Amino acid sequence: DLLEFDELFELEFDELFELEFEELLLQETISKIVASGGVIVAAAGGEPVLGGNTGYPGRYEGVIAVSAVDIRLRPSRLATRGAHIKFAAPGVGVVVAAPGGGYRLVDGTSFATPFITTAYAIGRKDAPKRDDLTTILSRAARDLGAPGHDPVFGWGLVQYSALPKC
């Protein structure tokens with residue numbers, strides 16, 4: 001069965017769906033995974049428009065949407081904003097391997113998402129339920145914007161020290 005309780009998924013899409021059928025199929029699949037207890041972490045996406053129609057699949061119910069911050073903990077200009085944002089992570093000037101060797105600096109919520117996916121993967125051992133782990137991470141997050149959850153940083157910058165094994 002694909003939808004095991006302890007599954008963890010990270011999703012990223014570079015393009016908007018052209019066919020309504022594809023979008024409905026993705027939404028149905030995500031709903032089934034979330035309902036089975038799976039965790040889906042997705043990049044918030046580009047286009048920083050409050051309440052806009054961007055940021056899917058991060059805007060789907062139950063998905064952990066990730067925004068990006070720079071080294072000064074300012075929001076990335078590339079990040080979507082909205083009530084769906086759950087957490088922020090480094091996503092500006094991230095060092096990655098470059099094709100052909102060496103490294104390069106990259107920006108985007110796609111590069112912030114692995115930080116949050118890792119936090120969920122580490123934390124699943126001690127807090128196997130998605131909602132319990134989200135609560136632990138949100139209480140320990142470094143609040144970067146308006147007090148509490150906000151549309152720019154979500155609960156804030158995840159702190160790995162909140163995880164029992166870190």
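Everything numeric in this text was worked out from a predicted model, so none of it was measured.
- Taking both residues in full, the closest heavy atoms of Ala89 and Phe115 are given as CB-CB, 3.7 Å, listed atom of the first, atom of the second, then distance.
- Rounding to the nearest 0.5 Å gives a distance of 10.5 Å between NE2 of His149 and CG of Asp143.
- The residue from Leu73, Val69, Ile85 that alone fulfils the side chain to side chain contact (heavy atoms under 4.5 Å, CB included) condition with Phe153 is Val69.
- The closest side-chain heavy-atom distance from Pro90 to Phe111 is not below 4.5 Å.
- At a threshold of 4.5 Å between non-hydrogen side-chain atoms, the residues Leu105 and Val92 do not count as touching.
- Residues Tyr60 and Leu26 form a side-chain contact, since some pair of their non-hydrogen atoms from C-beta on lies under 4.5 Å apart.
- Taking 4.5 Å as the limit, every side-chain heavy atom of Pro75 sits out of range of all side-chain heavy atoms of Leu144.
- Side-chain atoms of Arg104 and Pro99, non-hydrogen and from C-beta on, do get closer than 4.5 Å to each other.
- Between atom CD1 of residue Ile30 and atom CG of residue Leu25 there is a gap of 10.0 Å, rounded to the nearest 0.5 Å.
- Distance check, rounded to the nearest 0.5 Å: CD1 of Ile122 to CG of Leu163 gives 6.0 Å.
- In terms of heavy atoms, Ala68 sits closest to Gly91 at CB-CA, 3.7 Å.
- Side-chain contact between Val34 and Glu61 is absent, with no heavy atoms from C-beta onward closer than 4.5 Å.
- Taken from OG in Ser67 to CZ in Arg81, the straight-line distance is 6.5 Å, to the nearest 0.5 Å.
- When hydrophobic clusters are built by joining Ile, Leu, Val, Met, Phe, Trp and Tyr residues whose side-chain heavy atoms come closer than 4.5 Å, directly or via intermediates, Val158 is grouped together with Val39.
- Using a distance-only test at 3.5 Å, with no hydrogens or angles considered, a donor-acceptor pair links the side chain of Thr109 to the main chain of Gly45.
- With sequence neighbours left out, Arg142 forms a salt bridge (Lys or Arg N to Asp or Glu O under 4.0 Å) with no residue at all.
- Here the side chains of Val63 and Lys86 are not in contact, with every heavy-atom distance at 4.5 Å or above.
- The shortest heavy-atom contact between Pro151 and Ala83 is CB-N, 4.3 Å.
- With values rounded to the nearest 0.5 angstrom, Tyr160 atom OH is found 4.5 Å from Thr118 atom OG1.
- One distance of note links CD1 of Ile64 with CH2 of Trp155; it measures 12.0 Å at 0.5 Å rounding.
- Follow the hydrophobic side-chain contacts under 4.5 Å out from Val94 and you never reach Leu157; the two are in separate clusters.
- Between the side chains of Tyr120 and Thr134, a donor-acceptor pair is found at a separation under 3.5 Å.
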